[in-house]
Protein chains: 2
Amino acid sequence: MDLQNTQSQMRKGVLEFCILSIIQKGEVYPSDIAQQMKAANLHILEGTLYPLLTRLKNAGYLSYRWVESVTGPPRKYFVMTEEGKQAYDILFNTWQEMATAVSTLTKEQTNLFNNESTSAE
Amino acid sequence: MDLQNTQSQMRKGVLEFCILSIIQKGEVYPSDIAQQMKAANLHILEGTLYPLLTRLKNAGYLSYRWVESVTGPPRKYFVMTEEGKQAYDILFNTWQEMATAVSTLTKEQTNLFNNESTSAE
DNA sequence: ATTTAGTACTTGGTGATACATAGTACTAAA
DNA sequence: TTTAGTACTATGTATCACCAAGTACTAAAT
């Protein structure tokens with residue numbers, strides 16, 4: 001176990017949520033997403049992003065259309081489905097609740113549990 | 001893929017961090033930790049908690065001592081090592097940076113990237 | 001004394017998924 | 001025709017939460 005791995009795990013947990021958030025704001029193709037994630041300091045690699053988008057699409061949260069490009073092969077432009085929007089709203093709540101819980105837990109404070117009943121006999 | 005799984009992934013990413021935070025506040029044994037996590041709405045099961053503590057101990061972040069109990073088998077009481085404190089501080093920063101990044105990303109706002117250069121030709 | 005219930009810790013198997021790496025395919029310019 | 005840049009795909013590996021079953025200890029009930 002190393003710290004980088006733990007940090008990676010932390011980031012991993014919110015990848016889907018962040019990507020749904022980006023797509024919710026407008027039609028994008030994978031490189032747009034990678035760019036925005038990078039700008040937010042949440043780097044994501046091709047080998048992670050593409051399978052993740054496929055999973056989200058298979059789950060019915062996304063749909064896409066092929067769009068020709070002059071600079072290379074065609075691009076998959078993704079948009080959110082109604083189902084995806086609902087899922088995003090739920091994840092948004094989940095995130096907020098979790099962020100609140102973690103902030104509370106990690107605040108420096110006298111903790112109720114430590115002051116009673118847990119001392120060894 | 002279902003939503004519960006995604007929510008579980010989100011929680012998974014911060015488990016180690018939260019547990020380190022709890023141990024940092026004082027000597028505890030696994031049931032204390034589970035109880036505090038539950039109180040924070042971040043439930044953790046035995047099959048998750050015990051291996052995780054073993055990993056953290058093997059990484060040098062924790063040490064423990066056996067303490068007899070009158071109500072059952074002896075308990076492993078965990079405390080943090082110096083190395084563990086340093087790791088915790090790093091994870092604390094990681095968490096804060098990530099939480100900020102996610103909040104920024106998921107805020108409803110006109111995004112710079114969507115307004116230029118990403119439209120298809 | 002033996003059984004039962006409660007508590008504490010351990011172990012093995014499964015599934016989900018990020019990551020690393022390599023590969024395919026398309027366009028445009030040298 | 002080759003090279004470089006871009007876009008998408010596929011495979012193998014490692015990590016880790018979860019599930020389920022198991023071991024072990026104590027105290028109370030029978």
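Here is the naming used below: chain letters follow the sequence lines, and residue numbers restart at 1 for every chain.
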TODO: Encode nucleotides 19-30 of chain C as B, S and - characters from 5' to 3', where the letter depends on protein heavy atoms closer than 4.0 Å: B to the base, S only to sugar-phosphate, - to neither.
DONE: BB----BBSS--
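For D/dC18, the OP1/OP2 oxygens have no side-chain nitrogen or oxygen of B/Asn5 closer than 4.0 Å. Taking side-chain N and O atoms only, B/Tyr50 has a distance below 4.0 Å to OP1 or OP2 of C/dC9. Between A/Lys12 and the phosphate of D/dC16, there is no side-chain N or O to OP1/OP2 separation shorter than 4.0 Å.
Take A/Gln86 and apply the side chain to side chain contact (heavy atoms under 4.5 Å, CB included) test, not counting sequence neighbours, and it matches A/Glu82. With sequence neighbours left out, B/Ser21 forms a side-chain hydrogen bond (donor to acceptor under 3.5 Å, both in side chains) with B/Tyr88. Partners of B/Gln7 by side-chain hydrogen bond (donor to acceptor under 3.5 Å, both in side chains), not counting sequence neighbours, listed by chain and number: A/Thr94. Taking B/Thr100 as the reference, B/Thr104 meet the side chain to side chain contact (heavy atoms under 4.5 Å, CB included) condition, with sequence neighbours excluded. Listed by chain and residue number, A/Asn58 satisfy the side chain to side chain contact (heavy atoms under 4.5 Å, CB included) test with A/Thr54 (two or more places apart in sequence, or in another chain). Taking the side chain to side chain contact (heavy atoms under 4.5 Å, CB included) definition, one finds that B/Ser31 meets it with B/Tyr29, sequence neighbours left out.
The separation between B/Tyr64 atom OH and C/dC9 atom P is 10 Å, rounded to whole Å. The nearest whole Å value for the distance from the CZ atom in A/Arg75 to the C1' atom in D/dT9 is 18 Å. One can place NZ of B/Lys57 at 14 Å from P of C/dC9, the figure rounded to the nearest angstrom. The separation between B/Gln4 atom CD and C/dT17 atom P is 13 Å, rounded to whole Å. For B/Leu42 and D/dA17, the CG to P distance is 13 Å, given to the nearest whole Å. Rounded to a whole Å, the CG atom of B/Leu49 is 14 Å from the P atom of D/dC19. As rounded to whole Å, 16 Å separates atom P of D/dT15 from atom CD of B/Gln9. As a whole-Å value, the separation of B/Lys76 NZ from C/dC9 P is 8 Å.
In DNA chain C, consecutive stretches of 3 or more Watson-Crick or G-U wobble pairs with both distances under 3.5 Å are given as paired ranges: C:1-30 with D:1-30.
Cluster annotation: A/Phe17 is not connected to A/Leu45 through the hydrophobic network of ILVMFWY side chains, with a link wherever side-chain heavy atoms come within less than 4.5 Å. Under the 4.5 Å side-chain heavy-atom criterion for grouping Ile, Leu, Val, Met, Phe, Trp and Tyr, A/Leu42 is connected to B/Ile90 within one hydrophobic cluster.
Residue B/Thr54 is out of contact with every strand shown, counting any heavy-atom pair closer than 4.0 Å.
Residue pairs meeting the side-chain hydrogen bond (donor to acceptor under 3.5 Å, both in side chains) criterion with at least one partner in residues 37-52 of chain B, sequence neighbours excluded, do not occur; the list is empty.
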